[in-house]
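Residue numbers start from 1 in every chain, and the chains themselves are labelled A, B, ... in the order their sequence lines are given, proteins ahead of strands.
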2 protein chains.
Amino acid sequence: MAQASVETKVHSAMARFTSAEARAARALLGDYPTLGLAPVAEFATRSRTSAATVLRFVAQLGYASYPDFQRRLREELSERIKTPLEKTPASTSKRCGAFLPRFTAKLVENLNDTVMRVPQAEFEAVCALIADRRRNLHVVGGRFTDSVAAYLAAHLRIVRPGVRKLEERPASRADQQLDIGARDTVVMFDIRRYDPDLERFAAAARKRRATVVLLTDIWISPVARHARHVLPCAIETGSTWDSSAVLFAMCEAMIARATEADWNAAKSRIESAEGVSPTSGDAKSKKRLSARSRGRS
Amino acid sequence: MAQASVETKVHSAMARFTSAEARAARALLGDYPTLGLAPVAEFATRSRTSAATVLRFVAQLGYASYPDFQRRLREELSERIKTPLEKTPASTSKRCGAFLPRFTAKLVENLNDTVMRVPQAEFEAVCALIADRRRNLHVVGGRFTDSVAAYLAAHLRIVRPGVRKLEERPASRADQQLDIGARDTVVMFDIRRYDPDLERFAAAARKRRATVVLLTDIWISPVARHARHVLPCAIETGSTWDSSAVLFAMCEAMIARATEADWNAAKSRIESAEGVSPTSGDAKSKKRLSARSRGRS
DNA sequence: TCTTGGCTGAAATTCTCGTTTCAGGATTGA
DNA sequence: TCAATCCTGAAACGAGAATTTCAGCCAAGA
């Protein structure tokens, strides 16, 4: 590698840093590359360390001096600014690039496809349903979408009461469907290959007068027959696997929308949940695993 | 006027400049703002003037001193970097559009950010590790990333043997870490606010000579201290919640890559798994895991 | 041509900034 | 628990930065 970017170096050296150095590293990444272009004293203040620590941090990265480090930052900056338009990795590397950019480009395409496909009114209607606290909410996933369902349920549970994630195994779903009542909402996930069991489940839910929302692929799962709202997502990747990333993204959008829709109510719930959760953005490491080898020549 | 940008000031003062000053101005505009962040001497050389001229140029712009001028440049840079504005079909409606397109545009931005940040070699190294069947694989998620971890584990389990997803509760994780052996791989997820428990877990894993891979946000979880490989992901959405979508996408990319890397081996597994329920692979892998962990230290 | 006024950059000066040192404090291993 | 080791930041130090000075230079007008 001719020129590893400073940022890359920081990432790969992260493990070697002591806790004060890591604080400097994080501060730099948080305001990159600007903070590194400031004088040492300012860097130190803003990362709540000392000048000496910043110098050690820079040395650890392999630069001969602070000015040397800054020169590198400026060089990078020039390069980056020079090509502001062609920088989209999606466009540059679609045909022949590395795996990750290529794959990502496909996902972006899927996202755009999906956004075009889903009518705004439909999306808003679904969000409103999901945010409605008077309705209990049941979330059901298929074989490959179970974790996505879990993610949706986990977040909505923080925002509002009455959220339940149904178990994955079809056998236990049969029992659980007894809990579904009229005026409840059921969010289902089903992408190919479609699960016949889910269709039965959806039929039963509708019979109980629940409102069914379906997230599926663009070929539309048979569950749609029983659903009030359908959100079709693009899932193709060109590889062995279909992608659930768009379903996941859709869920995040729904969560965000539902939270924002009823902010005051959600806020207090979120805050009380925060209190329980572990806090420590800046946990100091209690361990020194090994002596660092410093001082090369 | 609140704060005229430096560039604007240069333009409007252009008439007042003497010829040497104008040379300095043109040089700055030609490599903006980088050249201004360099020391006076370098600015002078690269604009073929003298240090004194550069100082006069800066004074002419109305700045009290050269450092003062630089501070302004840095402030601008911070602001500007914050909105890199990649142009994507979805992002046309970023400002005022409907919720879903706006949200999606943000995710696309995050994806692009992340792809730029992650070195190709790092990604490939991680995929190779994950695909390596000689190593058992343990997957651990944090509070908000548990479902993402589950998704990764569920798919990898189809591709290869020896995959285990650890439970969410820290208490049970403590027991489970006993199964981690030397030459195992541990994939961890930790985004802010970071879970101090996960750092302890990572430290323990490393002590057992396992190789730790971390998926985190761009501010880098303290877990990184113990990790061999770190994949930093952009997670900001501008809303209440951080987004795990990029983590999810990264997982899909890893899954796709790992599958493709060892296609023949994966193929037969996938085919035989098609008919079988997803839970049945689990018993087998548990056996492998405990057998393995007794052997080495 | 000579003079004047002002621009320019080399060199001197000043002082800020980067660097090093060291002692106190924290952590680890015995 | 105690010693050994390592991390950390305050302060001293020295290098190199910004700034100022000034003599030379050029252009324009007499």
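Qualifying side-chain contact (heavy atoms from CB on, under 4.5 Å) partners for A:Asp31, counting only residues two or more places apart in sequence or in other chains: A:Thr34, A:Leu35, A:Arg46, B:Ser78. B:Glu21 pairs by the side chain to side chain donor-acceptor pair (under 3.5 Å) definition with nothing, not counting sequence neighbours. Qualifying side chain to side chain donor-acceptor pair (under 3.5 Å) partners for B:Glu124, counting only residues two or more places apart in sequence or in other chains: B:Arg257. Under the side-chain contact (heavy atoms from CB on, under 4.5 Å) criterion, B:Thr45 pairs with no residue at all, not counting sequence neighbours.
Rounded to an integer number of Å, the gap from CZ of B:Phe17 to P of C:dT8 is 12 Å. Rounded to an integer number of Å, the gap from A:Gln60 CD to D:dT8 P is 11 Å. As rounded to whole Å, 22 Å separates atom P of C:dC7 from atom CZ of B:Arg48. Taking atom CZ of residue B:Phe57 and atom P of nucleotide D:dT19, one finds them 14 Å apart after rounding to whole Å. Whole-Å rounding puts the A:Arg71 CZ to D:dG16 P distance at 12 Å. As a whole-Å value, the separation of B:Phe43 CZ from D:dG16 C1' is 19 Å.
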Protein and nucleotides 13-22 of chain C: nitrogen or oxygen contacts under 3.5 angstrom:
residue: C:dG18; atom: OP1; partner: A:Val40; partner atom: N; Å: 3.3
residue: C:dG18; atom: OP2; partner: A:Val40; partner atom: N; Å: 2.8
residue: C:dT19; atom: OP1; partner: A:Tyr66; partner atom: N; Å: 3.3
residue: C:dT19; atom: OP2; partner: A:Tyr66; partner atom: N; Å: 3.1

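Listed pair A:Ser19 / D:dT8 meets the phosphate criterion, a side-chain N or O lying under 4.0 Å from OP1 or OP2. At D:dC7, none of the side-chain N or O atoms of A:Thr53 fall inside 4.0 Å of OP1 or OP2 (strictly under the cut-off).
Listed by first and then second residue, the salt bridge (Lys or Arg N to Asp or Glu O under 4.0 Å) pairs involving residues 231-250 of chain B are B:Arg192-B:Asp242 (not counting sequence neighbours).
Geometrically, A:Lys9 does not engage A:Phe69 in a cation-pi contact defined by less than 6.0 Å to the ring centre and at most 45° from the axis.
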